Number of protein chains: 2
Amino acid sequence: MDLNSEGVKANGRRDRETGTLGKLVALLDLVALADGPMRFTDILSLSDQPRGTLHRQLSHLVEEGLLEVDRDGRYLIGLRLLTLASRSWARNEFRAIAEPHLQRLHDVTCETVHLGVLHGAEVIYLDKVEGRQSVRMYSQIGNASPTYCTGIGKAALSALDDTELATRIAGLEFHPYTGQTLHNAGELLSDISEIRRRGYAFDLEEHESGICCVAAPIRSDDGHMLAGVSVTGPAYRVTPQSLQAWAPLVVAAAQSIMMDMRNRMGPKR
Amino acid sequence: MDLNSEGVKANGRRDRETGTLGKLVALLDLVALADGPMRFTDILSLSDQPRGTLHRQLSHLVEEGLLEVDRDGRYLIGLRLLTLASRSWARNEFRAIAEPHLQRLHDVTCETVHLGVLHGAEVIYLDKVEGRQSVRMYSQIGNASPTYCTGIGKAALSALDDTELATRIAGLEFHPYTGQTLHNAGELLSDISEIRRRGYAFDLEEHESGICCVAAPIRSDDGHMLAGVSVTGPAYRVTPQSLQAWAPLVVAAAQSIMMDMRNRMGPKR
DNA sequence: AAATATTGTTCCACATAATGGAACTTTGTA
DNA sequence: TACAAAGTTCCATTATGTGGAACAATATTT
């Protein structure tokens, strides 16, 4: 999970030096990011491939199950990916180690608990434990969100040293998801210095209005992996005071996870 | 989701006519199916590629985020797949339509409810609604299981006509997961004829000992998609009698889902 | 209904990217 | 330290992907 080796530009966009594979994955991304099934021509206008080429590429992706074609001939992301991903998830050691801690945190707070890892300039949600009281929140597992507007993202960033922090947030574009979203690197940096001071981060409707959370950072001993835990709830139920009250619990959970990692992943190497 | 076009052999293994992509996906599969992170040499011995070639293929997969390298230099499935898969899942129309029905079925039975689709000779679990009482069952979403030993699988098969049924189960290998697993095509066919008669399927510890379920088939109007719903629970708590009692509810849920599909997906085409 | 435009599919000479053997570097082990 | 095993790089050869154009199948318009 060590990103930012070379080949990753400041804006997070990668150089595609991977020949055929790069082009095909770009297509997968294109279809995955679309709002719905795409027709051949839609894809044609967005990818800048010639018709013949695109046609063959799509056929290959379909043949491998990475894309599917619906009855109207439109393309959508295939279920094969779900199967591959489920194994990735099930075998993820970090997730497995964290799970009981998340569960415990949920038992105490009775609100949704998330686990996410820092991946370039994004947070990828690895797990969640959710209560029955809530209307099932749109599932977050696997979802990638910007660092600057999520509790886990900001918490994870706060655990970086200044130089790495600078490279990570260089070239970030600050999209205003809500009225509370931070606007620029300056605001982010000052929030982060406060997060460092107190040891935990808040997200007060900065990503999704009506949703707030408190999060704490997790870092592996070697510093290669950065992650975070959070407790999230709807603003009408969760006040800044209750977030404040949960903060020590979240920090404690993060620390227990780090301890467990040291014990179970440390010995190797 | 219409499989068994040409290119799929009886044993379920595909011809790889997809050149470079095929080889790379085969590698992904290889790593995904392994029990844990694999070293270069492990992969080398399983794939029959020359060292240089394999090395570049792996590098490309890593660069695209489909694989990752841990701190010991071992390869494992990358998180990028999780992100792609989460979109696939979130945008899946069938899943979205079924969701409220699964929720309702869970509210009545208080046991775990699953939704799965038939994909070749396997069932892929698309969704689940699970109670808080159970120790969190190993997450099934995205998991692919054989048809012949799962309630949903057998239910879905029962909705096929005889000729298609025959081609689907031709060449199946019957692995005895538990003492109750069906042993051969004959046993499967006779179970299926009973399922057709009564309209729902049982899985009495045939896949995992201690776990049983009752399932009903779902088929799209055009017959292109086959799926199923099930209610699952641990054998110590769920008796054959309770499964029997739930059967009408499961069948009703399956029918409501089909009605909803007709209303919401039908009009097109 | 015929004409036209749009969309989707196939083909093949050509260019590009993958191949695989060998040389080389690094890491682990006796 | 010496040796073996694992991992990485290089480059001439060859397989594979490319993209333009011609073709086929649908929509859309007149």
Side-chain angles (χ1 to χ4, degrees), chain A residues 2 5-7 14-31 34 36-76 78 222 224 266-269, chain B residues 2 5-7 14-31 34 36-64 66-76 78 222 224 267-269:
Chain A
D2 187 27
S5 43
E6 97 285 285
R14 282 151 178 273
D15 280 333
R16 300 232 173 262
E17 297 288 355
T18 50
T20 308
L21 179 63
K23 294 167 198 161
L24 293 176
V25 174
L27 267 185
L28 270 188
D29 257 340
L30 204 155
V31 176
M38 299 179 86
R39 285 181 324 179
F40 181 81
T41 318
D42 303 333
I43 304 177
L44 182 60
S45 63
L46 289 172
S47 78
D48 46 359
Q49 305 277 25
R51 298 152 69 98
T53 303
L54 181 64
H55 189 265
R56 184 184 30 74
Q57 289 171 335
L58 290 173
S59 307
H60 282 182
L61 288 170
V62 169
E63 194 167 336
E64 289 297 337
L66 303 181
L67 289 183
E68 279 173 19
V69 184
D70 71 9
R71 54 191 172 162
D72 300 326
R74 294 174 307 180
Y75 293 88
L76 36 84
D222 52 19
H224 269 14
K268 306 171 195 166
R269 163 163 300 280
Chain B
D2 187 28
S5 43
E6 97 284 287
R14 284 155 175 270
D15 281 333
R16 299 235 175 258
E17 298 287 355
T18 50
T20 307
L21 179 64
K23 293 167 198 161
L24 292 176
V25 174
L27 269 184
L28 271 187
D29 257 340
L30 205 156
V31 176
M38 299 181 85
R39 284 181 323 178
F40 182 81
T41 319
D42 303 333
I43 304 177
L44 183 61
S45 63
L46 288 172
S47 77
D48 46 1
Q49 306 277 25
R51 297 151 66 104
T53 302
L54 180 64
H55 188 265
R56 182 184 32 74
Q57 290 171 335
L58 291 173
S59 307
H60 282 182
L61 288 170
V62 169
E63 193 167 337
E64 289 296 337
L66 303 180
L67 289 182
E68 278 171 22
V69 184
D70 70 9
R71 53 191 172 163
D72 301 326
R74 294 174 308 182
Y75 293 88
L76 36 84
D222 52 18
H224 268 14
K268 307 170 195 169
R269 163 164 299 281

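No experiment lies behind these values; they were computed from the predicted model shown. Within every chain, numbering begins at 1; the chains are lettered A, B, ... in the order of the sequence lines, protein sequences first and strands thereafter.
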Report the C-alpha separation of A/Leu46 and A/Met38 in whole Å, then their side-chain angles, then the decisive distance to 0.1 Å, and conclude whether the side-chain contact (heavy atoms from CB on, under 4.5 Å) test is met.
CA-CA 11 Å; A/Leu46 289 172; A/Met38 299 179 86; 3.5 Å; yes
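Within the 4.0 Å cut-off from OP1 or OP2 of D/dT8, not a single side-chain nitrogen or oxygen of B/Ser59 is found. For the OP1/OP2 pair of C/dT16 and a distance below 4.0 Å, the side-chain nitrogens and oxygens of A/Thr20 include no atom meeting the criterion. The side chain of A/Gln49 places no N or O atom within less than 4.0 Å of a non-bridging phosphate oxygen (OP1 or OP2) of D/dG17.
End-to-end axis angle of the helix from C/dA1-D/dT30 to C/dA30-D/dT1, using five pairs per end and rounding to 10°, comes to 40°.
Atom CD in B/Glu64 sits roughly 14 Å away from atom P in C/dA17 (whole-Å rounding). Distance CD1 (B/Ile43) to P (D/dA5): 20 Å, rounded to an integer number of Å. Atom NZ of B/Lys23 is separated from atom P of D/dA15 by 10 Å (rounded to the nearest Å). In this structure, A/Asp72 atom CG and D/dA25 atom P are separated by 20 Å, rounded to whole Å. With rounding to whole Å, B/Arg56 atom CZ is found 15 Å from D/dC11 atom P. Rounded to a whole Å, the CD atom of B/Gln57 is 12 Å from the C1' atom of C/dA17. Distance NE2 (B/His55) to P (C/dG21): 17 Å, rounded to an integer number of Å. Between the CZ atom of A/Arg71 and the P atom of D/dT26 there is a distance of 18 Å, given to the nearest Å.
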Detail all sub-3.5 Å separations between protein N/O atoms and N/O atoms belonging to nucleotides 5-7 of chain C.
none

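The residue among A/Asp42 and A/Leu21 whose nearest nucleotide of DNA chain C is located toward the 5' end is A/Asp42.
Here CG of B/Leu28 is found 9.5 Å from CG of B/Leu58. Values are rounded to the nearest 0.5 Å. A distance of 11.0 Å separates CG of B/Leu66 from CG of B/Leu27, quoted to the nearest 0.5 Å. Once rounded to the nearest 0.5 Å, the distance linking NE2 of A/His55 with CD1 of A/Ile43 reads 10.5 Å. A/Gln57 contributes atom CD, which lies 4.5 Å from atom CD of A/Gln49 (distance to the nearest 0.5 angstrom). Note that CZ of B/Arg51 and OG1 of B/Thr41 are 7.5 Å apart. Values are rounded to the nearest 0.5 Å. In this structure, B/Leu21 CG and A/Glu64 CD are separated by 5.0 Å, a value rounded to the nearest 0.5 Å.
Residues B/Tyr75 and B/Asp42 form no side-chain contact, since every pair of their non-hydrogen atoms from C-beta on lies 4.5 Å or further apart.
No hydrogens or angles were tested; on distance alone, a donor-acceptor pair under 3.5 Å links the side chain of B/Thr53 to the base of C/dG20.
For the pair A/Asp70 (side chain) and A/Asp72 (backbone), a donor-acceptor distance under 3.5 Å is present.
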